[in-house]
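Down below is the structure, laid out as structure tokens.
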Amino acid sequence: MDIFSFLRRRKKIPQVWSKYYTKEELNIKIPNISMYDQVRKSAYLYPEYYAHEYMGKKEIYKNFIAEINDWAKAFTKSGIKSGDIVTITLPNIPNVLISLYALNKIGAIANMVHPMSSEEEILFSLTSTESKYLIMLDTFYSKVENIIDKSNVEKVIFAKVQDYMPTLTKAIYNLSIIGKYKKIPKKDNFYTWKSFYQKFKTSETMKFPKFDSYTPAVIIHSGGTSGKPKNVVIQNRAFILGALQENIIMKNLFPGDCCLAIMPNFHGFGLSVLMHTPLALGCYTILIPKFDSKKFDIMFKKKKPSCVLGVPTLYEALMSNNNVKNLDLSNLKYIVSGGDILTKSLEAKMNKYLKEHNSPGKITQGYGLSEALAAVTLACDDINKSGSVGIPLPGNQIKIIDPATRDTLPYKKIGEICVHSKAFMQGYLNDESETNTALQVHKDGHVWLHTGDLGYMDEDGFLFYKGRLKRMIVSSGYNVYPSHVEEVIESHPAVLQCTVVGVPHPYKQEVPKAFIVLKEGYFPIFVKDEIKEYCKKKLSKYMIPQEFVFRKRLPRTKLGKVDFKSLINDTRGDDDD
């Protein structure tokens, strides 16, 4: 299905959020260029500005784009051509950016995979995408030694975290890892980052064809609405539009400003918003391969970032760091939370802290998903309402529908969030059925992405996210929204965090079950009954959890989100005090 061909007789989509944008901004145009072209423009305009920083070592745009061009020629000489898929499974190190844009220049597709993935997950990704090359971290060799021959991978390039480290840092790191990791055997198709470049580098002139905004650029991974692993094909235009949108809404972000790239590159949010967008706007990205909450204060003091984007757990870590009390955050303009629900208590606590430490910004939220390349809505500056995930970015439209009938719901009614954008995913790789389930033509003639997420929109166009549709609990025929129950329980003075899941019931179908983390100084034996009574006052009877379980901490996924699946199957009692 060509989702961009429905151009005739389409009804105009109401945009109540249009008052926040100019007419020109609402009709944003996507230039017919590639991701590489967008970064090359920054290098042309700001050749002496920093493009990225890694472990204290900075690289200017002029040198950055030159290295990308050299690697594009090396990849081409080695046999990679337009349309080939290359899997990249690396932390946030410069090798990622160089590979991504060099591949993009020659029209190849970067398949971004979590470096902590299991053997089977990596094998699935390699085989389902028919990847030609694999670029991975040398210290993770043991994960592929038993599976690489089961794939179609022709060459493996082993990058090192120390490849671009400053000399002294590299020497210290090399000493620290002696004997810790398995030695990679010598094979004709195995290369280090440097040996690959030395073998295939060339000074000859190469002419590369022009690739446009519709050329596939990246594959990222999603469970979609069904939860089954999928390869999401993203075209150049999604990255290009994302940078243009954020340039409009983040009006105080200027060339030369810097963003902390804490979110990983295999996540659409991290790759688009924290890496490509800064580079497309002449800013620079500070690459953080492994986030250490204990060193958050040092990072802020040294880097003085203009922009930080992360999941709520990152900000929880910031608040729990005792060394951040005397930080000066006057450089910090934008603090955005995404990927999970930001509780009202954490929002209030963060804003109080930011004000006390001279930051001109407030913490805001954004909403997105892999199929729409991460950012769909965003709140920034004065365009914000507490608890909301912002307004649609220019060029995006949102509507809330009844999942059963597909009828559009009125303002403030909870339903499934549907998105219309100029830059959807191209589709799920080799999966037309799932693509057609996610991307559907509605009565208005437009293609809408069914997100599988619940939320509502108010009269001003602000979106309020309420969790996953599949997390919605149906109890005795009533819809129970876990986020609402969580919000009520977290408003109790003893509660730090709460997650509510649905568990099977013999005749009610499902009932809510609450997992609670208490604040320091509170104990389950003293507050459990009090919290139950609190719920009886604040919630309808069918919403009150049947069980209240207390934990010292909640389980997390690789991306730092609460692991709801493990909680559904968790039958243990309270953690010991």
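In terms of the salt bridge (Lys or Arg N to Asp or Glu O under 4.0 Å) criterion, Glu246 has no residue partners (sequence neighbours excluded). Partners of Phe462 under the ring-ring contact (aromatic ring centres under 6.0 Å, His included) rule, at least two apart in sequence or in another chain, are Tyr20. When the ring-ring contact (aromatic ring centres under 6.0 Å, His included) test is applied to Tyr465, the partners found at least two apart in sequence or on another chain are Tyr367. Contacts of Asn396 classified as side chain to side chain donor-acceptor pair (under 3.5 Å), with partners at least two apart in sequence or in another chain: Gln245, Ser421. Partners of Lys513 by side chain to side chain donor-acceptor pair (under 3.5 Å), not counting sequence neighbours: none found. Qualifying ring-ring contact (aromatic ring centres under 6.0 Å, His included) partners for Tyr481, counting only residues two or more places apart in sequence or in other chains: none. Partners of Lys385 under the side chain to side chain donor-acceptor pair (under 3.5 Å) rule, at least two apart in sequence or in another chain, are Asp458, Asp460. A search for ring-ring contact (aromatic ring centres under 6.0 Å, His included) contacts involving Phe564 returns nothing, not counting sequence neighbours. Legend: residues meeting side chain to side chain donor-acceptor pair (under 3.5 Å) with Lys399, ordered by chain and number and at least two apart, are His442.
The backbone N or O of Val549 sits nowhere less than 3.5 Å from a side-chain atom of Arg572 that would complete a donor-acceptor pair. Panel note: side chain Thr437, backbone Ser433; a donor-acceptor pair is recorded below 3.5 Å.
The only member of Val389, Leu454, Leu463 that meets side chain to side chain contact (heavy atoms under 4.5 Å, CB included) when paired with Ile417 is Leu463. Checking Arg237, Lys105, Lys210 one by one against Asp37, the salt bridge (charged side-chain N to carboxylate O under 4.0 Å, His left out) holds for a single residue, Lys210.
When only modelled atom types and interatomic distance are considered, Asn236 and Asn104 share a side-chain donor-acceptor pair under 3.5 Å. Side-chain atoms of Tyr214 and Gln426 include no donor-acceptor pair closer than 3.5 Å. Checked by atom type, the side-chain pair Ser370/Ser222 shows no donor-acceptor distance below 3.5 Å.
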Exercise. Could you please spell out the steps behind the side chain to side chain contact (heavy atoms under 4.5 Å, CB included) verdict for Ile401 and His450?
Key: CA-CA 9 Å; Ile401 68 165; His450 287 240; 3.6 Å; yes
Quiz prompt | Worked check of side chain to side chain contact (heavy atoms under 4.5 Å, CB included) between Gln497 and Thr343 | solution = CA-CA 8 Å; Gln497 191 178 12; Thr343 64; 5.7 Å; no
Quiz prompt | Phe208/Tyr36 under side chain to side chain contact (heavy atoms under 4.5 Å, CB included): CA gap, chis, key distance, verdict | solution = CA-CA 12 Å; Phe208 295 97; Tyr36 166 82; over 6 Å; no
Quiz prompt | Stepwise salt bridge (charged side-chain N to carboxylate O under 4.0 Å, His left out) check, Arg468 with Asp453 | solution = CA-CA 4 Å; Arg468 294 289 290 164; Asp453 289 326; 2.7 Å; yes
Self-check item: Full working for side chain to side chain contact (heavy atoms under 4.5 Å, CB included) between Val441 and His446
Solution: CA-CA 6 Å; Val441 182; His446 293 274; over 6 Å; no
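Ring-plane geometry between Phe196 and Phe200 is classed as tilted, the angle between the planes lying from 30 to 60 degrees on a 0 to 90 degree scale. The aromatic rings of Tyr141 and Phe190 stand perpendicular to each other, their planes meeting at an angle above 60°, with 30° marking the opposite boundary.
Under the 4.5 Å side-chain criterion, counting only non-hydrogen atoms from C-beta, Thr377 is not in contact with Ile391. Between Leu271 and Leu373, every side-chain heavy-atom pair lies at or beyond the 4.5 Å cut-off. Looking at Tyr456 and Lys412, their side chains come closer than 4.5 Å, going by heavy atoms from C-beta outward. Between Glu486 and Phe515 there is no side-chain heavy-atom pair separated by less than 4.5 Å. Contact of the Val144 side chain with the Val156 side chain is not registered, since no non-hydrogen atoms from C-beta on lie closer than 4.5 Å. A 4.5 Å side-chain heavy-atom check between Ile240 and Pro31 finds at least one atom pair inside the cut-off. Side-chain contact check for Trp193 versus Ile157: some heavy-atom pair is nearer than 4.5 Å.
Ile249 and Tyr334 get closest at one heavy-atom pair: O-OH, 4.4 Å. Considering every non-hydrogen atom in both Pro482 and Ile473, the closest pair reads CG-CD1, 4.0 Å. Closest non-hydrogen pair, Asn430 versus Ser128, comes out as ND2-O, 4.0 Å. Minimum heavy-atom separation, Leu26 to Gln15: CD2-OE1, 3.5 Å. When all heavy atoms of Cys380 and Met250 are compared, the pair lying nearest together is SG-CG, 3.8 Å. The shortest non-hydrogen separation linking Gly107 to Phe211 is N-CE1, 3.4 Å.
Residue pairs meeting the salt bridge (Lys or Arg N to Asp or Glu O under 4.0 Å) criterion with at least one partner in residues 106-135, sequence neighbours excluded, are Asp84-Lys132, Glu121-Lys558. Here salt bridge (Lys or Arg N to Asp or Glu O under 4.0 Å) pairs that include residues 140-153, with residues two or more places apart or in two chains, are Glu145-Lys182.
Rounded to the nearest 0.5 angstrom, Met35 CE and Thr215 OG1 are separated by 12.0 Å.
No more than 12 heavy-atom neighbours from other residues, nucleotides or ligands sit within 6.0 angstrom of NZ on Lys23. Counting non-hydrogen atoms of other residues, nucleotides and ligands closer than 6.0 Å to CD of Glu24 gives a total of 12 or fewer. Atom NZ of Lys413 has 12 or fewer neighbouring heavy atoms from other residues, nucleotides or ligands inside a 6.0 Å radius.
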Which donor-acceptor pairs under 3.5 Å do the side chains of residues 88-101 make with protein atoms, sequence neighbours left out?
unit_1, atom_1, unit_2, atom_2, d
Thr89, OG1, Val113, O, 3.3
Thr89, OG1, His114, O, 3.4
Asn92, OD1, Asn265, N, 3.1
Asn92, OD1, Asn265, ND2, 3.0
Asn92, ND2, Ala261, O, 3.0
Asn92, ND2, Met263, O, 3.0
Asn95, ND2, Asp163, OD2, 3.1
Ser99, OG, Asn95, O, 2.8
Tyr101, OH, His276, ND1, 2.8

